[in-house]
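For reference, the structure is listed below as structure tokens.
Protein chains get the first letters and strands the later ones, always in sequence-line order, with residue 1 at the start of each.
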Protein chains: 2
Amino acid sequence: MAEKQHRMTRQRQIILETVKGLKTHPTADEIFGLVRKRLPRISLGTVYRNLDILTEQGIIRKLDTAGQQKRFDGDVSPHYHVKCVKCGKIDDLYFELPQPSSEWSEKTSFQILEYNVELLGICPQCQKGPSHH
Amino acid sequence: MAEKQHRMTRQRQIILETVKGLKTHPTADEIFGLVRKRLPRISLGTVYRNLDILTEQGIIRKLDTAGQQKRFDGDVSPHYHVKCVKCGKIDDLYFELPQPSSEWSEKTSFQILEYNVELLGICPQCQKGPSHH
DNA sequence: CTCCTAATCAGGAATTATTCTTATTCGAGG
DNA sequence: CCTCGAATAAGAATAATTCCTGATTAGGAG
Ligand SMILES: [Mn+2]
Ligand SMILES: [Mn+2]
Ligand SMILES: [Zn+2]
Ligand SMILES: [Zn+2]
């Protein structure tokens, strides 16, 4: 069973560069907007397809945060995220959170594979005052 | 600024009874299917609207799990969830987690409010073998 | 009990994010 | 160069959820 070949197209290259060049955890359509400046004829479907391929390859990360729109991350090093409950902004957290204990697994009949942790908070900007629209 | 009045309609009552009567963390359309047996003329929009109202009132819980479809929980006591990556089934986990520590807030500019943990695993049924469709 | 009216309803259209389809183009190994 | 499977653009399709409209109703006032 040979692995599926992946060609490096101009589209895929620029999508990758764009995601790697951001620290903002962009949505697919934000990436689309940026890539479009360099490749005006690219389609949204191409962006989605390549984001998924790059995620499968482990070159970028697709965040499974709650919410309607998926977000992507060019930083695949292990870290957590905190989301602003007011404006939805996402920031990185490079410290350790409570490690899953075996005790957790003992309390369920499920075979545990992984743990998702998402912190919720208020970003500096939204702390200053109610967002003025 | 008077609070918005909420009437207890037959629809809302039966939706509430249905959610409270399940331990399965149903989606809106699953609830719709069940409620429909007792109220054949109810609309899906009414189910969504009432689930949101009941959630606002804190009578039920809307789970912010990753994934496309939202799920609801009639158990509002504090607990966590584990989701089967094969069939999507959700189970309850009643253990304690440490409170967000001030140490966390020092390492980010966000004001940390809370954190969600979602475990991913394989349910007993799916462990037995590949789901036979 | 009867009235009144804001809250709610049913039905269906609209929105939003994502995936799928199809005919055409292209990257890269030979 | 040639070849061919992978990839693309364009747009249709899907799926979950929200919104809109005109009709209905819960429940407090009288
Ligand atoms: Mn990140
Ligand atoms: Mn639960
Ligand atoms: Zn914010
Ligand atoms: Zn399962």
### Task
Could you walk me through whether A:T46 and A:R49 pass the side-chain hydrogen bond (donor to acceptor under 3.5 Å, both in side chains) test, one step at a time?
CA-CA 5 Å; A:T46 296; A:R49 182 167 17 80; 3.2 Å; yes
### Query
Looking only at atom types and distance, does a side-chain atom of B:R61 sit under 3.5 Å from a main-chain N or O of B:D73, one as donor and one as acceptor?
no
#### Entry: Atom-to-atom span, CG of A:D64 to P of C:dT18 - whole angstrom
13 Å
### Annotated protein contacts, base or backbone, on nucleotides 16-30 of chain D with a non-hydrogen cut-off under 4.0 Å, one of B, S, - each
SBB------BBS---
### Query
Is there a donor-acceptor pair under 3.5 Å between the side chain of B:K86 and the backbone N or O of B:C126?
no
### Query
Once you round it to whole Å, what is the distance between P of C:dT8 and CD1 of B:I42?
13 Å
### Per B:N50 side chain, nearest of listed nucleotides C:dA10, C:dC9, D:dA9
C:dC9
### For atom CD1 of A:I14 and atom P of D:dA7, their distance in whole Å
16 Å
### For B:F95 against B:Y80, the heavy-atom pair lying closest together
O-CE1, 3.5 Å
### Query
When you look at B:H25 and B:D91, which way does the side-chain hydrogen bond (donor to acceptor under 3.5 Å, both in side chains) test go after all the steps?
CA-CA 8 Å; B:H25 309 86; B:D91 200 15; over 6 Å; no
#### Entry: B:T46 side-chain N/O to C:dA10 phosphate OP1/OP2 under 4.0 Å
yes
### Message
Can you measure A:L54 atom CG to D:dA6 atom C1' for me and round it to whole angstrom units?
### Response
14 Å
### Message
Between C1' on C:dA7 and CD on B:Q11, what's the gap in Å once rounded to a whole number?
### Response
12 Å
### Message
Without decimals, in angstroms, what is the distance between B:I53 CD1 and C:dA6 P?
### Response
17 Å
### Query
What do you reckon, is CD of A:E114 surrounded by more than 12 foreign heavy atoms closer than 6.0 Å?
yes
#### Entry: For B:F32 against B:I42, the heavy-atom pair lying closest together
CE1-O, 3.5 Å
### Query
OP1 or OP2 of D:dA7 less than 4.0 angstrom from a side-chain nitrogen or oxygen of A:Q5, does that happen here?
no
### Task
May I have the distance from A:R41 (atom CZ) to D:dG11 (atom P), rounded to whole angstrom?
10 Å
### Query
What nucleotide among C:dT8, D:dA9, D:dA7 has an atom nearest to a side-chain atom of B:R12?
C:dT8
### Task
Starting from C1' on D:dA9, measure out to CZ on A:R36 and report it in whole angstrom.
12 Å
